[in-house]
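See structure below.
Since the structure is predicted, the reported quantities are computational estimates derived from the model, not experimental observations. Counting convention: from 1, in listed order, for ligands and their atoms alike.
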Amino acid sequence: MSLESPAKKDIYGQYHLKKVINASGRMTILGVSTPRPEVVETVSQGLNEYFEIKDLIDKTGQYIARLLNVENALVVSCASAGIAQAVAGLIVKDDRDLLFNLHSSTKNVPREIIVAKGHNVNFGAPIGTMVALGGGVVVEAGYANECYADHIASLINVNTAAILYVKSHHCVQKSMLSVAQAAAVAQKYQIPLIVDAAAEEDLVTYYQQGADIVIYSGAKAIEGPTSGLAIGRHQAIEWLKRQSEGIGRPMKVGKEGILGLTRAIELYINDPKHETGQQMVSKMQPFIEKLNALNGISAKVVWDSAGRDIARAEIAFDAKVIGKTAIEMVDLMKQGDIAVYFRQYKANEGKVDADVRSVTSAQLDTIYHKIKNIIQGVE
Ligand SMILES: *Cc1c(COP(=O)(O)O)cnc(C)c1O
């Protein structure tokens, strides 16, 4: 987070970079997460050695598969790359001509990817863009506020290549079929199911519920280096792997990413350092109390909308009292010497969430003082 050690180069100074307090969670736009020292060490070791890369990919994949008790696994460059290559793999399968000419080929193969309308989200880039990159065509199922198994089943036809389920807080949660229900439809019609579980914490449940490919982002919950993880059924992952000779090449993951993520997964499973939601609550309690003492501000604990064990401080700004809307506050908090980033999804409702997973108690104090100064007109 901070580079206090004098032995280290001052990156912030050298490039005139702004310091950041990341109270927004595992955000790509801020650098996602900070891997633990063992992972950094493994990344460095990886960079300093040579390997037969195919061997490295296969053996680390087998190792991860054993750890997670799944048929097959593969480290990819990021979750988005995993989605695109999963789609491509399920369209191309073993066809070499399609592998090399995914987008230009006029060969008549199934390309439709069924996605619940409420799952067709923008996670920082649109899900549909990743599907298109993988040579697929999104077919939306259901409505903006509802999608059940029947909506998906009714769209399955000879051109269906896969069902894509996006398990994420970005998605509509209400009136939405579960992963298990999507898997039941997929199995009934013999269609593969891809689950985008990029930011999820559970590395086994979606596979166990019947997904053929499950994709995770390496630097989010797992806190690995920039990378992604694809786990699933043996053949589906092998098809995904083959994309390294096709659209996968510009998404190549390096040896350091492969080794670093494998180590991060090992630690994540065997030695979880996991800050629990309850510990997050304890950390932010003094912060919340101080905020509540400010006129026009109310703060409280809220739990993750996607059901993960993450507690956050929801801070509501009363624009009539403080003279600034939450949207203006979000912007002002990013100004000055230290930029503070909140989760701003609810700013239009007058609220922001502070995610404290990457924030120390001292930084919470800095955030408090910044808010206080802004509303009292000091900044
Ligand atoms: C973060 C995220 C992604 C993309 O993950 P990357 O590893 O950054 O490519 C995809 N889908 C969802 C739901 C996400 O939250």
Item checked: Chi angles and distances behind the salt bridge (charged side-chain N to carboxylate O under 4.0 Å, His left out) call for Lys283, Glu275 -> CA-CA 10 Å; Lys283 181 158 82 182; Glu275 192 178 9; 3.1 Å; yes

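Close approach to Ser168 involves these atoms of ligand 1, each under 4.0 Å from a residue heavy atom: 13 (C). Heavy-atom contacts of Cys78 reach the following atoms of ligand 1: 6 (P), 7 (O), 9 (O) (cutoff under 4.0 Å). Near Thr28, meaning under 4.0 Å from one of its heavy atoms, ligand 1 places the atoms 8 (O).
Thr262 places a side-chain N or O within donor-acceptor distance of the main-chain N or O of Ile258, the cut-off being under 3.5 Å. Using a distance-only test at 3.5 Å, with no hydrogens or angles considered, no donor-acceptor pair links the side chain of Ser105 to the main chain of Leu102. For Thr42 (side chain) and Glu38 (main-chain N/O), a donor-acceptor pair under 3.5 Å exists by modelled atom type.
Between the choices Lys220, Met251, His170, His119, the shortest heavy-atom distance to atom 14 (C) of ligand 1 belongs to Lys220.
Closest protein heavy atom to atom 9 (O) of ligand 1: Ser80 OG, 2.5 Å. Nearest protein neighbour of atom 5 (O) of ligand 1, counting heavy atoms only, is Ala79 CB, 3.2 Å. For atom 7 (O) of ligand 1, the closest heavy atom belonging to the protein is Ser217 OG, 2.5 Å. The protein non-hydrogen atom at the shortest distance from atom 13 (C) of ligand 1 is Asp196 OD2, 3.4 Å.
With Asp353 as reference, Lys346 is the one residue of Arg343, Lys346, Arg312 to meet the side-chain hydrogen bond (donor to acceptor under 3.5 Å, both in side chains) rule.
Of all heavy-atom pairs between Gln243 and Leu99, the closest is NE2-CD1, 3.5 Å.
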